[in-house]
Each structure stands twice: as C-alpha cells, then as structure tokens.
Protein chains: 4
Amino acid sequence: MNAKATAPSAPERTGAAGADRKAPKADLSRDQILSAAAKLFRDQGYSGTTLRQIAAAAQMKAGSIYYHFSSKDQILDEVLDAGIARNFAAVREAVAACPAEATAEERILAAIAAHMRTLLSSSEFTAVDIRIFGQLPPEIRLRHQSKRSEYARYWDGLFRAAIESGEFRKDIKIAPLRQFVLGALNWTVEWFDPDTQSIDELIDRCTKLIMSGVKSA
Amino acid sequence: MNAKATAPSAPERTGAAGADRKAPKADLSRDQILSAAAKLFRDQGYSGTTLRQIAAAAQMKAGSIYYHFSSKDQILDEVLDAGIARNFAAVREAVAACPAEATAEERILAAIAAHMRTLLSSSEFTAVDIRIFGQLPPEIRLRHQSKRSEYARYWDGLFRAAIESGEFRKDIKIAPLRQFVLGALNWTVEWFDPDTQSIDELIDRCTKLIMSGVKSA
Amino acid sequence: MNAKATAPSAPERTGAAGADRKAPKADLSRDQILSAAAKLFRDQGYSGTTLRQIAAAAQMKAGSIYYHFSSKDQILDEVLDAGIARNFAAVREAVAACPAEATAEERILAAIAAHMRTLLSSSEFTAVDIRIFGQLPPEIRLRHQSKRSEYARYWDGLFRAAIESGEFRKDIKIAPLRQFVLGALNWTVEWFDPDTQSIDELIDRCTKLIMSGVKSA
Amino acid sequence: MNAKATAPSAPERTGAAGADRKAPKADLSRDQILSAAAKLFRDQGYSGTTLRQIAAAAQMKAGSIYYHFSSKDQILDEVLDAGIARNFAAVREAVAACPAEATAEERILAAIAAHMRTLLSSSEFTAVDIRIFGQLPPEIRLRHQSKRSEYARYWDGLFRAAIESGEFRKDIKIAPLRQFVLGALNWTVEWFDPDTQSIDELIDRCTKLIMSGVKSA
DNA sequence: GATGAATGAGGCTTCATTCAT
DNA sequence: CATGAATGAAGCCTCATTCAT
C-alpha cells in the first residue's frame, strides 16, 4: 500500500523514532507520482507517457519529480515492482486464508479470484505490468524477470497440486496451462468495464470456463 | 499519387512470371517498410519505435520512408488494417472450408486453429493489433474500432450457433465468452516461442482447455 | 501557463526601480527572442529564418524557445502584432499631440513624421510587417488583416479631412492616395541607411514631395 | 520574351543554322518553369517556395527540373534577370519612342507609365524582384546588384535632365527622389488588383501625385 | 520541497538534389 | 526529356534532465 515499501532508493529519511509522526509531505508526493505514472503507463505505454504528463497528474511540475525519483526509468521500476508485489501478496493471502483442509481446486479458485480482483479494481499498478511489459526495452524487462518468475512458479505449485491430487486432468502440462489461464485472466483488463459489469460475476464466469470449459455436459 | 493508399501491402505478387510491370520497386519498399514497422511496433510499441529504426530495418534512410507514406501514423494505420484483415480472412476461410454438415463446434475448432496459426506464424502484422491496440491514442483507436468490432461479431456468430444447437452450455453469455476465449488465445503471443514449441501442439492444448476445462472427468 | 500569451512583449518595463519582481528573467528572454526574430524575419523573410538563427541571436538554444513560445508561427504573430501596434500608437499619439486648431495638413505631416520615424529607427518590429506581409501564407495573413485595415482606415480619416477642408485636391480618391503615400513611405525601409542619412532630412524631403510633387512652381 | 536570352548556362544547343526550326520542347518547359517559379517566388518568397511546387505548376516532376536548371538558385537568378531586363527594356523603349523634341517631363511620364504597365500586367517576372529582393541571401543579392544599379542610373539620368532644365525643383536630390518615386510605384504591386482597378487610371493618378503632390493649387 | 528556465539529444518531417531507367 | 525512388542535411518541435533560486 505504501509504495515506499518496495522503493530501494528513497532519499534517506527513515531515522527518527517509532510512530511515523509527520507522514511527511514527500511520501505523499511520491505516492501521487507513482499512482499517476501507473495510470498513464497503463493507458499510453511507457514511451508514450511524458514526465510532464505524470507531473501534471500528480499536481506538480516536471522538475519536481526529480526530487523524488532519479529518472523516468526508476519510476517505471517502482511501478512494475508495486504491480507484481500487490498481485502476489493478494494471491498469497487469499490462498493462505483457505482452511487447512481445502482442496487444490479450492485454493486455485481463491487465487483466481484474488488475482482478478486486484487486477480489475486497484488496477493502476497491477494492470501496468500486464499491459506494457512485453514492449519494454530488454534491459528493463530483465530487471523484473525474477519477480515475475517467482509469481509464475507460485501458480505452478498450485496447479501441480491439483494435477497430482487427480483433481485436474493428468495430460495437462503445467507451464502452458499457467500461461493459458493467466493469459485469459489478464486479458480481462483490456475489456472489463467496471461501470457496466460486476467483478464478482466476471470472476464467476471465468472460473467456470476454466474449470469446465464451454461444452455442455 | 499514391495508388496503394488503401491497399495494405498485398503479399501476393512476389513470385510468378513477369507480366505485371508496374512500379514493382516501390511496392517492394512499401512492403518492407510495413513489415519492418509491424515487427518493431509489436516489440516496442508505437511511441517506442523510431522512424529511423523502421527505416534501418527496411534498409533505407528515414527520409525515404516519406516517399511511400505520409506519416508514421499512416504506417500504423496500414499495419493495423493488415493485421485484422489477415486474421479475419484466415478465420473466415478456415470456417468456409468446413464441410456443410460440420457442427458448430467443429467450425469453432477450425476458427481457433486459424486464428492461432495466423497469429503465431505470420505474426508481424496480426500480433501488432493485439499487443499495442490498448495503448494507442484514442483517435487512432477510433479509426480501427469498426473493423475490430466486425471481427468480434463474426466470432459471436460462431458461438451463438454452438449455444443454440446445444453443443455449448446455455448459461454462457456470448460477449464475455468471446472475450475470454480470444483473450486466452491472443495472450499466447506474449509467451509462445516457435523455437521450442510446436504450434500444432499448442493449438491442441488450447482447444482442449477451452472445450473441456481443466477438471478431470 | 504562459501568462503573456496575448501580450506582445511589453517594451515598458526595463528601466525603473525594483518593485516588480515577477519572473523578470522569462520576460527578458521573451523580448530577446521577439526582437531577434523581428530582425531576422525582416532581413530574410519568415521561411528563410531558422529557429536556430533566432535562438542564436537571442543567446540560447533552439529548444529553449519553446519554453516561451509554442511555435515559430506564434512568434511571427506576436512580432506582426507588435509591429502594427507600435506604428499605430506612434502615429495616433503624434496626431493627438497636435494643437486643437491644427489644420488637416498639419496633422498629416505629424502622422507622416511619426510613421517614418517609428519605421526607420525602432525598426525591427515595424519594418517586418511591411516587408514580409505579402509573402506570408494566407492563413497567417488573415489573422492580421483586421489590425492592418484599422490602421488604413485611420489614415483614410486623416486624408478625408484634408480633402473635405479643401486643403487637398478634390479629385483625389482616398484609397489609392493612402496606398500611394504609405507605399512611398514604407519603401524607404528598403533603402534608407541610418549611417549615412539623416532621418529628419528624409522626412522633410518626403513630405515636400508628397505635398507639392516634383514640379517647380 | 524568351527567357533563354538571359540564361547563360543553358545546355548547349544553339548550333544549327538560321531559323530555329524545332522550337524544341525543352525551351517550352524552361519557360514554363521560369514562369511558374516567378509567380511562386513573388507570392511566397524564395525560401517559402518548394521545387516541388514549381514543378507541379510547370506540370512536371521535381526531378525533371534538373534537366533544365542546375539548382533552385539558378532558377532564381534567371527569374531575377528576366525581371529587371523586361522592366528596363520596356522603359527604355518607351523613352526612346518619345519624339526628339519631347521635354524631360514627358520622357519621365513615359518612363513611369512603362514601368508601371510592365510591373502590373506582365507581372510574374517584374514583380518578383521588387518583392523579394530585400530578403534574399546577400550573395544572391550581390549577383544582381549591378543590373539594378544600371536601371537606377538610367532613371537618375531622366531626373537629372528634368532638374537641369528647370522643369523640376532644384532643391531635390536625385537619389532620394528616384527612391521615393520608384518606391511609390513599386509598392503598387502590393495592392493593385487588376480585377477591380484600371491600370491606366492608376497610372494617371500616380503621375499626377508625383508631379504635383496632393495639395490643391 | 518545488519551480522556472534552460539544455541537448533526438523525434518526425521537408526539401533540394541525384541518378538509374 | 521525364520520372520514380532515394538520400542527407536541415527544419521544427518534444522531452528527459539539470540546476539555481
């Protein structure tokens, strides 16, 4: 929630005593910038977004951004980090919240719901990754590959369990399955419209399709 | 002046005998530019791609592009057009090639295969749309909305037939279904690697998942 | 953002004490740019003048100009505005300074002197109009037509008075007269050389020619 | 009339015998180019005019111009040459046509009429000089200075005669007089509209103003 | 903390010019 | 003679970035 949690290069200011007394103005600005940047990156891509646009959306002037970040690149880094981190955290929490005796399928249902809910509601950050990652310069992509892989492996674990338990078909290969499922889910950000559709209903429809396909019994 | 203004780079004209003698050099250059642009747009986005990059990939200098196109925008337009057009054509042909007595499901299977094959093999053009459309400036997006809708409606027709015939579950709503299915298919361009994977196998896996889901019988 | 958008480089602000502390640096740069542009436009025409030339003459780099103006066009607009405005103001003041009982001819003499003096001394701005107006793209020309017409009508008024009072010949038609007189005066910018000629003497000669022609009594 | 008369660098082709048998296509194109260029230069300035515009107006493609001329500069040179040459010729002829016993004033009237008529009717060429000369790069200006001076000196001769004969006032200095008179005449190209005004009437008005000024007797 | 002003690199585009056909 | 196609230099403009205030 606090973007600084994942920001490694914030100007030193942690010092001080326990309770964060001042909730300093800087943190607020930082968050505004990140949030503005996330929205703009998501809608216009990285190259298509201007520092001036970000600044304007964050209610400041372009030069001021450099007090908080050292480059446009760094903003992107933090936005991407925040994106995966939130998604991952939400999914992990949802799975952890399942009762100990939950089946693999139930855990996957929880994971799907959490993934979609994060993606489609608090979207700025989570949607950026999905939308623009493929078009980023390779070096930037590399910097975030490990976290993405971690997330992928987490899902692989969920699916493996379901296959080994016999809940899912044995002839399914895990990697393509994960790509297929996450792909279908991720794609919803391209068309889901919160004003006319219900997230819960969408989640419901998607899980049903994933689980049982389209064919009538 | 520009006879080809609306003709998005006809690919059929290379081989064959020597009958057509009209400005073959220009057409070749045009096609090279479009193809180069498509690849670059796909990989780096529209704003992330430089005219100089396009020119270099098409083996000419930036200024020369303007002999064939009047702006970067126009190149994008034609690339997008070509993308949908090819996809649409491939799918329509595949469906048309089905025997008259084919079931709705069989037609859908053919459509899926065609969509994926076009997307993943002759990809430059077809993949661009899918990848960058969401981040294009609204005015450009608008210009192509109608063709995309047409394609969507075509799929809706296929799905409707399957539902009405009872082959697909009756509780599925068509629009979300189409989004879900095409989303899952489209997403494969983000991760499919022709060097290590087989398209046919991928198609097979995907259709199975779509049709029957993940659960074991 | 740009408070001065419509204020064509107020010349009154340089001297004086230090009371006005608002963004004096920007205004200075703006004025430098306008002045440099005016000189260059006058000597090389609009198309013949480069933004880099303007920037160099204003002691900055080309890109910096865009902090003050949004386009080369806008610079031209302000230069043209300033030109007519100064000329008009000078002439109007000179006429207004005439004693109430001054004859129409005396007023015209004052107007001629003011027009020429402004044109030939503070020339950058005033001379631009005269020199390049005829070769400007029609749309730009249109934007300034109204102010020029206003100035023309003002002169027409002066001439009409002299004709009606019987001081000038009755057979003279006002519009061609104004064109002829202003033309003769304006043309002096094409050849007057302040280093070898005296403005006052030139004014004297011109008025005499206009009033009485070349023929000896 | 044949622009080639003044064209020093025309591709050699003069050879041959007496009568110019073929009136070759090339000459026609050359003239079309020059005429088109003159019009465009006059209306848009030198830098403001594109070779492609000239080519289009001359009904050919830009590249073709280089068969007839070696550069845009050369076209300008010939256009300028043609301008002064025609004007000079017309004026000289008109003066020469005066009866031997004509007064200096009569000669000047003839010269004025000829100058104006050439300027305002066959204008493309003659008007270019007047309009754009002041904004040309110094090197180009230099190349034409001598011919312009020659023309100026010719007028000076006419005026000197009138002053020495006592027809014109003795207190008039020749150079400024010539500038003033030609200036007033030249300026008419900026506003004369052949559709609504009569050249003869304009000439009449102008000569009257020049001769006797504006004041009533 | 933030801004105004500037910069330089680079983006898209235009244009005179060349040259094979 | 003329054109189609290309080029490189340069033009206008944008943008990330800097830095004094």
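Every chain is numbered from 1 and lettered A, B, ... according to where its sequence line falls, protein lines coming before strand lines. None of the values given here were measured: they were computed from a predicted structure.
In terms of phosphate contacts, C:S29 brings a side-chain nitrogen or oxygen within less than 4.0 Å of OP1 or OP2 of E:dA6. Applying the 4.0 Å criterion to OP1 and OP2 of F:dA2, one finds that D:H68 has a side-chain N or O inside that range. Between B:R52 and E:dG11 there is a side-chain N or O to OP1 or OP2 distance below 4.0 Å. Of the side-chain N and O atoms in D:Y67, none sit less than 4.0 angstrom from OP1 or OP2 of F:dC1. Residue D:Y66 has a polar side-chain atom (N or O) positioned under 4.0 Å from OP1 or OP2 of E:dT17. A close approach under 4.0 Å does not occur between any side-chain nitrogen or oxygen of D:S64 and OP1 or OP2 of F:dC1.
To the nearest 0.5 Å, atom NZ of residue B:K39 and atom CZ of residue B:F125 are 8.5 Å apart. We find the CD-OG distance between C:Q59 and C:S64 to be 12.0 Å, quoted to the nearest 0.5 Å. Atom CD1 of B:I65 is separated from atom CE of B:M60 by 7.0 Å, given to the nearest 0.5 angstrom. Interatomic distance, B:I54 CD1 to B:S35 OG, rounded to the nearest 0.5 Å: 11.0 Å.
The side chain of A:L51 approaches F:dA16 more closely than any other nucleotide in the set F:dA16, E:dT17, F:dT3. Nearest to the side chain of A:S71, among F:dG11, E:dC15, F:dT17, sits F:dT17. If you check F:dG4, F:dA16, F:dC1 against the side chain of D:K61, the one that comes closest is F:dG4. Comparing F:dA5, F:dC13, F:dT17 by their nearest atom to the side chain of A:K72 picks out F:dT17.
One interatomic measurement links the two molecules: CG of A:D27 to P of E:dA2, which rounds to 11 Å at whole-angstrom precision. Taking atom OH on C:Y46 and atom C1' on F:dG11, their separation rounds to 11 Å, with Å as the unit. In this entry the distance linking CZ of C:R30 with C1' of E:dG4 reads 15 Å, nearest Å. Note: CD1 (D:I54) to P (E:dA16) measures 8 Å, nearest angstrom. The interatomic distance linking C:Q53 (CD) with F:dA10 (C1') rounds to 12 Å, in whole Å. Here E:dA6 presents its P atom at 11 Å from CZ of C:F69, a figure rounded to the nearest Å. Going from atom CG of D:L76 over to atom C1' of E:dT17 covers 17 Å, rounded to whole Å. The CD1 atom of D:I75 sits 15 Å away from the P atom of E:dC15 (whole-angstrom rounding).
No cation-pi contact links B:K72 to B:Y66, judged by a cut-off of 6.0 Å to the six-membered ring centre and 45° from its axis.
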(request) Go ahead and write out DNA chain F as dot-bracket, 5' to 3': ( ) for pairs within the strand, [ ] for ones crossing earlier pairs, | when the partner sits on another strand, dots for unpaired; Watson-Crick or G-U wobble, both distances under 3.5 Å. (result) .||||||||||||||||||||

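Between B:A62 and D:A62, the residue whose closest nucleotide on DNA chain E is further toward the 5' end is B:A62. Residue order along DNA chain F, read from the 5' end via each residue's closest nucleotide, puts C:T50 first among A:G63 and C:T50.
Under 3.5 Å, the side chains of B:D129 and B:H144 contain no donor-acceptor pair of N or O atoms.
Backbone-only engagement by B:T49 is indicated by non-hydrogen atom pairs under 4.0 Å involving sugar-phosphate atoms exclusively.
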(request) Apply side chain to side chain contact (heavy atoms under 4.5 Å, CB included) to the pair A:E124 and A:F41, showing each step before the final yes or no. (result) CA-CA 9 Å; A:E124 300 124 68; A:F41 288 162; over 6 Å; no

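D:R143 has a carboxylate O that lies under 4.0 Å from a charged side-chain N of D:D73, or vice versa, which qualifies the two as a salt bridge.
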